[in-house]
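In listed order, ligands and their atoms are each counted from 1. Only a predicted model underlies this, so the values are computations on that prediction, with no experimental measurement involved.
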Amino acid sequence: MGREEILKLSMTELAKAIREKKVTSEEAVCAVFENIDDRESIVHAYLSFYREESVRKARECDKMVRESADISALPPLLGVPVAIKDNLSLAGKKMTCGSKMLADYTAPYTATSVAKLEKSGAIVIGKTNMDEFGMGASTEHSYFGTTTHPMDKTRVPGGSSGGSAAAVACGEAFASLGTDTGGSVRQPAAFCGLIGLRPTYGSVSRHGLTAFSSSMDTIGPITRGSVDAAVLFNTVKGADPNDQTSVSAPKVDISAMESYSVRGKKIGIPKQLLGEGESSEVVKRAKTFFEEHGAQVEEIDMPILDFAVAIYYILSSAEASANLARYDGIRYGYRSSGVSDISELYTKTRTEGFGKEVKRRILLGNYVLSSEHFDDCYRQAERARNMVKKAFDEAFTKYDMLLCPTVPGVAPHIGEIDKDPLAAYIADLCTVPASLAGIPAVSVPFGTSAVTASDGEALPAAIQLMGPRFSEQEILGAARFVEKGVSGT
Ligand code: GLN
């Protein structure tokens, strides 16, 4: 197979082709790195990659295939090149979290999710760019410079897992892991025309993921199709003694996904998330599509969601300010020099080591946790979060799934977000509710937008499907149904 042909394969198709000796892992890894050579200087999806090591591992995989008497006994993702976000630990490799604070930090162990990925035979070829510590929605808050949108270098790919999305969309990896606290897997997937799954909170171990907002952090796949997302979810999920919040979640049955139909399903559209303009048009098109296929779709009222953005930013910033207290210049990471005492060391280290957005979150977090504001901000937000959870529980007694936009529009131009940070927070309206409730949500490509990239090509449009806890089977089944009906794949 030639490079172009290899790069057109999905992750699952490539895994099959390698096992069936139609292509070697080495060819796939080389195809990806040749593509990286061609595109990376503009896209900047990666913060580090391991070319020689990946080729060596690919050769070992190919040897396993050659010597195997029973290909069904081989690890399922053997020889497939994948990427991981740079806030996931991989032993012996740098993990920067997109921050100057950790620019020279090497992870001493491997994250559980990444270890599972490697055990499944996948080859982690590199680590992807991200907004500093996951705070942001464009990758522009990376200390190492922004990633650009794969279709338009004047736009961002979204964030904070923008590098993970851009790498997959560009053929610089066959799939990737991102992390989603308030939308960072779903939003860049939506901007880049990919599937992005935020799994049920706790279903994927957070051990080895650098904490941003521990009660909402999740690890999720960014892939070209829903089957790949299900396979990756099945690969990385599971209870882990190293993460006390982790639980064992049911495996997604791929053949049940293939035969899934929305016929007879009840789907709700929370009217607070519908918005205006193009994204609401996309949801209306999706409503028609689901109805034409036998689903019952109706708007529902969830008034508490009007407060979702405020609740999310209060709670996530409070948790972030506590989680980031560990970067003090003493234990690990960047340390400022020329200081005369310990307090100056803390101050200078944190002033120099953190970027603007991270400082904003620390200030907000400390404010809402301060004794003067704890009750009226943090406590209130906790209560309101419970109301969000209850509103979803109640909705799911009537509906199998909820449908809404993933994002209010298309990928912004570089520099746009910086002009109005509050507008960027508000743009998270549709992704943060699932984060607060701990429920799974998937962003699914749904045709194209009327807005075009600089070369005139239409940018991708997307919808989001949310389900109750552990409903990955249902929402990925529906995602597969949409893929077949909309893009015919
Ligand atoms: N844009 C959101 C934020 O900045 C989401 C980030 C995330 O999910 N990591 O907090």
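Annotation: side chain to side chain contact (heavy atoms under 4.5 Å, CB included) contacts of Y367 (sequence neighbours excluded): H373, C377. Applying the side chain to side chain contact (heavy atoms under 4.5 Å, CB included) test to K153 and every residue at least two apart in sequence or in another chain returns I42, T148. Contacts of Y425 classified as ring-ring contact (aromatic ring centres under 6.0 Å, His included), with partners at least two apart in sequence or in another chain: Y313.
D243 contributes atom CG, which lies 7.5 Å from atom OG1 of T112 (distance to the nearest 0.5 angstrom). Rounded to the nearest 0.5 angstrom, L102 CG and C97 SG are separated by 5.0 Å.
Within 4.0 Å of ligand 1, protein heavy atoms come from G134, M135, G136, A137, S160, D180, T181, G182, G183, S184, F212, Y312, Y313, R361, D428.
The aromatic rings of F396 and F392 sit parallel, their planes meeting at an angle under 30°, below the 60° perpendicular limit.
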